[in-house]
Amino acid sequence: MSSKHRKNKTRRDHIRRLLSISVFVLGILSFSHTGFAVDFPSVKAQSDTDDILDNYRAYLDFVVAVGRQTDSSNTQKLEKRFAELEKRNPEGAARFLKGLRVELLDKAERLGRSYGRISSSQSEMRKWVSRFMKDWAREADEHLFRTASSELARK
């Protein structure tokens with residue numbers, strides 16, 4: 001084998017490796033922005049029930065996006081109970097979302113990062129959401145229970 005041929009082969013191997021690494025890195029970057037990673041919501045404070053339900057839902061969506069990856073059974077419970085709560089008592093659903101927003105903003109503040117730099121793919125957020133998903137599902141259930149109790153008391 002001539003030295004010129006070896007140089008070309010080495011150069012081709014180097015280019016292939018570089019191309020493979022580049023494709024891998026671009027794949028990872030594009031994957032993180034196409035539905036896998038959800039950016040942390042940044043919604044201004046609302047006071048009207050309808051506005052809260054419309055705008056604060058982004059916080060629930062964030063939690064659900066993480067929860068589907070970390071604790072799917074409790075995430076499904078949360079989604080189901082919140083949907084029922086919203087249907088039966090929009091004010092209770094708004095209170096739940098308000099509390100969820102407060103908890104998420106508090107956690108983001110304790111992380112010491114701006115909201116724009118937090119996403120659902122970060123390990124700290126994944127661990128934290130996973131840790132509290134069962135509690136949030138139970139809270140939604142408690143709100144729903146209070147709604148049902150109030151309906152029974154009115155009859």
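Just so it is clear, the structure is predicted and the values come from calculations on it, not from any experiment. Nothing fancy with the numbering, it's 1 onward along the sequence.
- For R117, the CZ atom sits in a loose shell: 12 or fewer heavy atoms of surrounding residues, nucleotides or ligands are nearer than 6.0 Å.
- Contact record, K44 with R101: C-NH2, 3.9 Å, taken as the closest heavy-atom pair.
- Side-chain atoms of Q122 come within 3.5 Å of backbone atoms of S119 as a donor-acceptor pair (strictly under, hydrogens ignored).
- Separating the CZ atom in R81 from the CG atom in L144 is a distance of 8.0 Å, to the nearest 0.5 Å.
- Atom CE in M133 sits 5.5 Å away from atom CG in L78 (nearest 0.5 Å).
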Distance-only check: which donor-acceptor pairs under 3.5 Å involve side-chain atoms of residues 82-99, not counting sequence neighbours?
residue	atom	partner	partner atom	Å
E86	OE1	R57	NH2	2.9
E86	OE2	R57	NH2	2.2
R88	NH2	E151	OE1	2.6
N89	OD1	E91	N	3.2
N89	OD1	G92	N	3.1
N89	ND2	T147	OG1	3.0

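- Between the side chain of Y56 and the backbone N or O of L100, no donor-acceptor pair lies under 3.5 Å.
- Atom CG of residue D71 and atom CD of residue Q76 lie 9.5 Å apart, to the nearest 0.5 angstrom.
- In terms of heavy-atom proximity, R126 sits nearest to V66 at CA-CG1, 3.6 Å.
- For the atom pair CH2 (W128) and OG (S123), the distance works out to 14.5 Å, reported to the nearest 0.5 Å.
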Distance-only donor-acceptor pairs under 3.5 Å for side chains of residues 102-111, two or more places apart:
residue	atom	partner	partner atom	Å
E103	OE1	W136	NE1	2.8
D106	OD2	R110	NE	3.1
D106	OD2	R110	NH2	2.3

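- Under 4.0 Å is where a charged nitrogen must lie from a carboxylate oxygen, and between R138 and D135 at least one such pair does.
- In this structure F40 satisfies the ring-ring contact (aromatic ring centres under 6.0 Å, His included) test together with F62, Y115, sequence neighbours excluded.
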